[in-house]
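Proteins come first, then strands; the chains are lettered A, B, ... in the order of their sequence lines, and each starts at number 1. These values consider heavy atoms only, across backbone and side chains, with no hydrogens, waters or symmetry-generated copies.
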Amino acid sequence: MTTHFIPIVRRAVLSGPRIASWRYKSTGGANSNRISTKKTKPRQLGFNDLDEVSTLQSNSPTFHLDQLKQEDSSGYIHRTLPTSKLLETFREMMSLRSLNPLPNAPRDHGFKPALKAVELAALDGQDSVSISEILANLSPENDIVWGVIYQLLKHGLTPEIDALNDEQRAAVLFNRVHGFGRVKAQYFANAGARTVDDLLVDPDRQWGEKARKISPAELLALQHFAEMELMVPRNEIEQLRTLIDSAFKKADPQLSFEIVGSFRRGEALSSDIDVVVWHPSYTCREAATTKSKKKLEPDSLISRVKQALCSAGLLNEHMIFSQGERKIMALTQLPNSTGSVHRQIDIRLCPTTSLPYMLLGNTGDDELMKYLRVRALEKGWVLNEYGMAKRLRGHTIPTMEEGSGIVVSSEKEIFD
DNA sequence: CATCTG
DNA sequence: CAGATG
């Protein structure tokens, strides 16, 4: 609105002359005057041409927020954006970035925390969120995200996404579905699918050159696409925890478990439910069980865990993404409450000996783990999720000396 | 690193 | 078995 905005707008919009040419190219003729800069890998959809849009970078870590402040010092904090627009944009950006990673930018662009921040602010279901509310939960240093918010405020759109053609949009969408990575997402987009419903309508339809069908696990993920993007509120996980607890007590009181991940760190929202299970009978990893059978041994620990959860109505045969002898990935749902959302649950078995390490390692956060590993190395130890042992010299990669494993019985003991 | 798909 | 995925 103010004249101050204009230079920025210009930079944003005009910074990509190549975007324009690329758009013409994709809609119109197939002229190949693409400037092949850099040593970028050739990728199917030519996302690389978009890189320049992202050149609207900042010099300081709080560039866009400062910019906002400067342009509208009194009012900016009260400006709002539709919750759904914010969430959708962040999800798209996260997907776009994983499909098309920028050359030397960090993998994590901070859209996860941004999503968390917005969902947190809108927990009560409010349909718009103000800058101040976002700021309450999201670091001002997260400039990539603030840049996107800035664009939304100014133009109501995000240039990077606006510049996509239909096929690229579809790939970005599909990449948000559980089990759809770069390859699969691009394959189906390339095969002509544009929406999740396209992929759902006829489950037997064959897609693309390889005549690929939608697998059962893919179908499951597609059916629950929207639900699976929602974060899980802490109290729901707490409810689930007590249900799991009684299910295990009923099935086998020797079964113990812990819910790790962000939940264990005390966070209010988690992206999934990460359960670690152990049992006194399961100490070291069962050596080379003949895995010629694709189905589970009905007596194995994992199947007993599964049965316990199934009988409690927490798991369902038809809602399983994958199951092996150590791990199950599935959807769960609070029983009885009809409208309850399907949540992603990961269940892993852990040998009792590595339990404290596993719990520690899977609870994080990453910063703490890095710190602990460095300290272990300084002391001549190696620390990982399986244990801590004397460091074996003569290797560039820290190696554990056999038999020198430090047996600990609690996480507390790991802190020297 | 464990699991699935082809 | 390789390659994809989380």
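The CZ atom of R182(A) sits 15 Å away from the P atom of dG3(C) (whole-angstrom rounding). In this structure, CG of N175(A) is placed 12 Å from C1' of dG6(C), rounded to the nearest angstrom. Atom CG in L220(A) sits roughly 13 Å away from atom P in dC4(B) (whole-Å rounding). Whole-Å rounding puts the F180(A) CZ to dG6(C) P distance at 10 Å. For R326(A) and dT3(B), the CZ to P distance is 6 Å, given to the nearest whole Å. In this structure, NZ of K210(A) is placed 11 Å from C1' of dA4(C), rounded to the nearest angstrom. Put simply, CD on Q323(A) is 17 Å from P on dA2(B), counting in whole angstrom units. Between F188(A) atom CZ and dA4(C) atom P there is a gap of 14 Å when expressed in whole angstrom units.
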Please assess R182(A) against N175(A) for the test side chain to side chain contact (heavy atoms under 4.5 Å, CB included), listing each intermediate value before the final yes or no.
CA-CA 6 Å; R182(A) 239 216 301 277; N175(A) 187 41; 5.5 Å; no

Could you walk me through whether D252(A) and R304(A) satisfy the salt bridge (Lys or Arg N to Asp or Glu O under 4.0 Å) test, starting with their C-alpha distance in whole Å, then the side-chain angles of each, then the deciding distance to 0.1 Å, before giving a yes or no?
CA-CA 9 Å; D252(A) 178 351; R304(A) 286 186 285 142; 3.6 Å; yes

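Using a 4.0 Å cut-off between charged side-chain N and carboxylate O, K213(A) and E218(A) make no salt bridge.
Side-chain atoms of S322(A) lie closest to dC4(B) of the nucleotides dG6(C), dC4(B), dG6(B). Comparing dG6(B), dT3(B), dG6(C) against the side chain of E325(A) picks out dT3(B) as the nearest. Checked against dC1(B), dT3(B), dT5(B), the side chain of S215(A) finds its nearest nucleotide in dT5(B). With dT5(B), dA4(C), dA2(B) as the choices, the nucleotide that has an atom nearest any side-chain atom of V183(A) turns out to be dA4(C). Side-chain atoms of K327(A) lie closest to dG6(C) of the nucleotides dT5(B), dG6(C), dT5(C).
For E411(A), the salt bridge (charged side-chain N to carboxylate O under 4.0 Å, His left out) criterion is met by R264(A), not counting sequence neighbours.
At the heavy-atom level, K184(A) lies under 4.0 Å from the strands shown only through sugar-phosphate atoms.
When all heavy atoms of L199(A) and F188(A) are compared, the pair lying nearest together is CD2-CD2, 3.7 Å.
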